[in-house]
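To start, the structure itself, in structure tokens.
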Amino acid sequence: MPTPTAADWLRIADGFYQSAQFPNCIGALDGKHIRVKKPPHSGSRYFNYKQYFSVVLMALADSNYKFVIVDIGAYGSTSDSRIFCASRMGERLCQNQLALPEPSRLPGSAGPPAPFVIVSDEGFALSPHMMRPFPRRDLDDRKRIFNYRLTRAPRYVECAFRILSSKWRVFQSSIQMNPDNATLVIQACVMLHNFTRIHNTSTDADLGPKYDVFSQFRPAPAWTPWNRWTSCSGTLCRLLLQSERGHCHGSWTPSVVAVDFSWTLVQIEVKCNIL
């Protein structure tokens, strides 16, 4: 994944302001547990609070449900806050190495400039560039309204996780691989997810008229016919090979070695920088 520039952060912030009416927001942060089989001799390191074994996909998403920065492979027993603080993403944010824009005034405000922030839920710690809701105890009307407005933005990363899980069927059951190989599969699916969001090779409407990213139900497989995947795989392979040869000038330009599609599994070898 390319490292976002200051212009990219401004574009993301504008997207959140237009869609969620939350200004100076450069992304929604959350973690998702990816179910894996129990690694041998791992004890309880991968056993999470949901009572199954997993690795964690920590992701920052924009308002287009696209992943901006990801950290993959942490133990399922580790809390989201600890994973974020130990990740390169968290370290670079604390050290101001993410090329964030300079603070700017909020729209319609004459007050001092406000920093650009990442929004998250109560599981993360508050910091100059991390915004979380007020604790739910003893809320007055102003804090309650603020929490309502703030929680509109983190829903985008939750929706991105739901789209990812619904689109790539490998996530609909436990990944029968060791954690290292499972991490590679998750990385490949994240890259393919971003590809479909950028190039619009597959839209949310393809998943069926009853698909709702806020719903707990998965779409039926009949809504994604095999001939659709065959066409998508051919187009994707051609575009990825163009990207490999330097003919594609989009912002998503990893170096692709090989792609192989099947009905239940997507295998891809990529050379990319994952923060």
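Throughout, residue positions are numbered sequentially from 1 according to the sequence presented. The basis for the numbers below is simple: all heavy atoms, side chains too, and nothing from hydrogens, waters or symmetry mates.
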For atom CG of Asp140, is the number of surrounding heavy atoms from other residues, nucleotides or ligands below 6.0 Å larger than 12? yes
Test the Arg35-Tyr52 pair against the cation-pi criterion, namely NZ or CZ under 6.0 angstrom from the six-membered ring centroid and within 45° of the ring axis. yes
Would you say the side chain of His33 lies within less than 4.5 Å of the side chain of Val56, judging by non-hydrogen atoms? yes
Please answer whether the main-chain N or O of Pro113 pairs with a side-chain N or O of Ser104 as donor and acceptor at a distance below 3.5 Å. no
Determine yes or no for a side-chain-to-main-chain donor-acceptor pair under 3.5 angstrom, with Arg45 supplying the side chain and Tyr75 the backbone. no
Indicate yes or no: at least one non-hydrogen side-chain atom of Phe84 is less than 4.5 angstrom from one of Met89. yes
Measuring from Leu98:CG to Thr3:OG1, what's the distance to the nearest 0.5 Å? 8.5 Å
Would you check if the distance from the ring center of His129 to the ring center of Phe116 is below 6.0 Å? no
Going through the distances and angles, do Cys189 and Phe171 end up as a side-chain contact (heavy atoms from CB on, under 4.5 Å)? CA-CA 10 Å; Cys189 291; Phe171 296 118; 3.7 Å; yes
Do Val119 and Phe124 share a hydrophobic cluster, counting only Ile, Leu, Val, Met, Phe, Trp and Tyr and linking them when any side-chain heavy atoms are less than 4.5 Å apart? no
What heavy-atom pair brings Gly123 and Ser81 nearest, and what distance separates the two atoms? O-CB, 3.2 Å
Verify whether one side chain among Asp180 and Thr183 offers a donor that lies under 3.5 Å from an acceptor in the other. no
Hey, what do you get for CG (Asn24) to CD1 (Ile118), rounding to the nearest 0.5 Å? 13.0 Å
Pairwise side-chain contact, Lys32 with Ser165, heavy-atom cut-off 4.5 Å (strictly under): yes
Could you check Val185 against Met177 for side-chain contact (heavy atoms from CB on, under 4.5 Å), going step by step and ending with a plain yes or no? CA-CA 9 Å; Val185 170; Met177 300 178 182; 3.6 Å; yes
Between Asp141 and Arg144, is the closest basic N to carboxylate O distance under 4.0 Å? yes
Quick one: do Ser87 and Glu91 satisfy side-chain contact (heavy atoms from CB on, under 4.5 Å)? Show the steps, please. CA-CA 6 Å; Ser87 66; Glu91 292 176 354; over 6 Å; no
Nearest-0.5 Å distance, CD of residue Glu158 to OG1 of residue Thr151: 9.5 Å
Report the C-alpha distance between Val157 and Leu29 in whole Å, list the side-chain angles of each, state the deciding distance to 0.1 Å, and finish with yes or no for side-chain contact (heavy atoms from CB on, under 4.5 Å). CA-CA 6 Å; Val157 67; Leu29 179 70; over 6 Å; no
Hey, does Leu10 have a side-chain heavy atom less than 4.5 Å from the side chain of Pro101? yes
Between Arg149 and Gln21: side-chain donor-acceptor atoms closer than 3.5 Å: no
Pair Tyr65 + Tyr156: ring centers closer than 6.0 Å: yes
Under a 4.5 Å side-chain heavy-atom rule over Ile, Leu, Val, Met, Phe, Trp and Tyr, are Ile12 and Leu93 clustered together? yes
Interatomic distance, OG@Ser63 vs OH@Tyr17, rounded to 0.5 Å, equals 14.0 Å
Report, as yes or no, whether the 6.0 Å neighbourhood of atom CD on Gln95 holds more than 12 heavy atoms from other residues, nucleotides or ligands. yes
Considering only heavy atoms from C-beta outward, does the side chain of Ile175 approach that of Lys37 to under 4.5 Å? no
NE2 on His193 to CZ on Phe67, rounded to 0.5 Å: 4.5 Å
Taking atom CZ of Arg82 as the centre, does the number of heavy atoms from other residues, nucleotides or ligands within less than 6.0 Å exceed 12? no
Return the CD1 to CD1 distance between Ile72 and Ile34, rounded to the nearest 0.5 Å. 8.5 Å
One pair to check against salt bridge (charged side-chain N to carboxylate O under 4.0 Å, His left out): Glu122 and Arg136. What are the steps and the verdict? CA-CA 9 Å; Glu122 297 91 340; Arg136 300 180 184 181; 3.2 Å; yes
Do the side chains of Met130 and Ile83 join up, straight or via other hydrophobic residues, at under 4.5 Å, putting them in one cluster? yes
Quick check, are the ring centers of Phe53 and Phe47 under 6.0 angstrom apart? yes
ILVMFWY network linking Leu150 to Leu60, side-chain heavy atoms under 4.5 angstrom: no
Are a donor atom and an acceptor atom from the side chains of Asn48 and Ser77 found within less than 3.5 Å of each other? no
Kindly say whether the aromatic ring centers of Phe134 and Phe146 come within a distance under 6.0 Å. yes
